[in-house]
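Read the structure below first, then the notes.
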Amino acid sequence: MNPLSAAELGILDWIAAHCQSAWMDVLMPAITRLGDSGMIWILLGFAILLFSRKERATGFQVLTALLLSLIVCNLLLKHAVGRIRPCDLNTAVELLIHRPGDPSFPSGHTSASFAAAMVLVLTKWRGRWAALALAALIAFSRLYLYVHFPTDVLGGALVGTVCALLAVTIWRKWLDKTAFGRILTRSKEENAP
């Protein structure tokens, strides 16, 4: 085991020793499930896109950031790095969720969460701080549940943030002024006959 992994196991063991409780053992798996496959963020992105006429562009940017996160994090980095999970190094830990089958670095839950939440922050969406708090809780849940190292979560947050910045930049520099952009940003009044 390399020194970094050993130090990170110490952090996870500290979290287990100081944060674990019966109610957290129920809450953390529920919070992590919100991030499964990025589903909460996908649903939020589509809800904004379909039901918030003024903010359709924000919904599109959330979905774009999630797609970028999927490609960069889950399809490229995880398999390129191939990092073992902490629960595979410390097999004495009793997992509260099923062991994920993919490599550990970076955290896909964290990457998707920060990709979506940071788009909402950058576009000043009204629920942005709640979304960012949920992203942070999902990230922490991965540590609490002993399925990611701290650097996996930090890497996921960084990848997600970069994907958010890319999605917002793509929108602002290339799509906003196109016919597609005008369709998404057209208000209800403009659509009226």
Side-chain angles (χ1 to χ4, degrees), residues 27-80 97 100 102 105-143 147-148 152-193:
L27 181 64
M28 287 295 112
I31 287 174
T32 220
R33 275 193 295 279
L34 290 174
D36 286 355
S37 303
M39 196 51 63
I40 189 79
W41 306 112
I42 293 168
L43 292 173
L44 180 60
F46 273 114
I48 295 169
L49 179 67
L50 298 174
F51 303 114
S52 180
R53 287 201 179 266
K54 288 183 178 179
E55 298 171 315
R56 286 187 288 200
T58 297
F60 177 81
Q61 290 169 72
V62 166
L63 296 172
T64 301
L66 288 169
L67 179 61
L68 291 170
S69 170
L70 172 70
I71 293 167
V72 173
C73 179
N74 295 73
L75 300 181
L76 298 176
L77 287 176
K78 276 186 177 281
H79 299 290
I97 60 170
D102 57 345
F105 182 89
S107 166
H109 279 68
T110 304
S111 179
S113 296
F114 275 82
M118 289 307 294
V119 164
L120 299 174
V121 168
L122 292 167
T123 59
K124 297 184 169 116
W125 187 68
R126 64 185 172 275
R128 63 189 176 272
W129 303 120
L132 191 57
L134 179 59
L137 276 172
I138 289 172
F140 177 74
S141 76
R142 306 307 283 169
L143 300 174
V147 293
H148 279 294
D152 299 339
V153 168
L154 290 173
L158 179 62
V159 168
T161 300
V162 169
C163 290
L165 287 166
L166 280 171
V168 170
T169 300
I170 288 167
W171 176 261
R172 290 178 180 167
K173 288 200 178 272
W174 293 292
L175 296 177
D176 187 27
K177 302 301 181 208
T178 65
F180 175 72
R182 285 190 297 275
I183 289 169
L184 278 186
T185 56
R186 188 178 299 157
S187 70
K188 190 174 184 178
E189 292 77 31
E190 291 172 338
N191 287 337

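Residue numbers run from 1 in the order of the sequence given.
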Heavy-atom donor-acceptor pair, [X] side chain to [Y] backbone, under 3.5 Å:
| X | Y | value |
| --- | --- | --- |
| Arg128 | Lys124 | yes |
| Ser141 | Ile138 | yes |
| Thr64 | Phe60 | yes |

How close do [X] and [Y] get, heavy atom to heavy atom, and via which atoms?
| X | Y | result |
| --- | --- | --- |
| Cys73 | Val159 | CB-CG1, 4.2 Å |
| Phe114 | Ala164 | O-CB, 4.3 Å |
| Ala116 | Leu66 | CB-CD2, 4.3 Å |
| Val62 | Leu120 | CG2-CD2, 3.7 Å |
| Ala112 | Gly38 | CB-CA, 4.3 Å |
| Ala117 | Ala131 | CB-O, 3.7 Å |

### Query
Taking only residues two or more places apart in sequence, or in another chain, which ones meet Thr161 in a side chain to side chain donor-acceptor pair (under 3.5 Å)?
none
State, yes or no, whether a side-chain contact exists between [X] and [Y] at a heavy-atom distance under 4.5 Å.
| X | Y | result |
| --- | --- | --- |
| Arg142 | Pro100 | yes |
| Leu132 | Trp129 | yes |
| Ile48 | Arg56 | no |
| Met39 | Leu43 | yes |
| Val72 | Val162 | no |
| Leu165 | Met118 | no |

Quick one: pull up [atom1] in [X] and [atom2] in [Y] and give me the separation to the nearest 0.5 Å.
| X | Y | atom1 | atom2 | answer |
| --- | --- | --- | --- | --- |
| Leu70 | Leu76 | CG | CG | 9.5 Å |
| Asn74 | Ser69 | CG | OG | 6.0 Å |
| Leu44 | Leu49 | CG | CG | 11.0 Å |
| Ser37 | Ile42 | OG | CD1 | 7.0 Å |
| Leu122 | Thr169 | CG | OG1 | 8.5 Å |
| Thr58 | Arg126 | OG1 | CZ | 9.5 Å |

### Message
Quick test of your reading: applying salt bridge (Lys or Arg N to Asp or Glu O under 4.0 Å), list the pairs with at least one residue in residues 110-120, sequence neighbours left out, ordered by first then second residue.
### Response
none
### Query
How would you list all residue pairs meeting salt bridge (Lys or Arg N to Asp or Glu O under 4.0 Å) that involve residues 66-80, not counting sequence neighbours?
Lys78-Asp102
### Query
After noting the C-alpha distance and the side-chain angles of Ser52 and Glu55, does the key distance pass the side chain to side chain donor-acceptor pair (under 3.5 Å) rule?
CA-CA 5 Å; Ser52 180; Glu55 298 171 315; 3.0 Å; yes
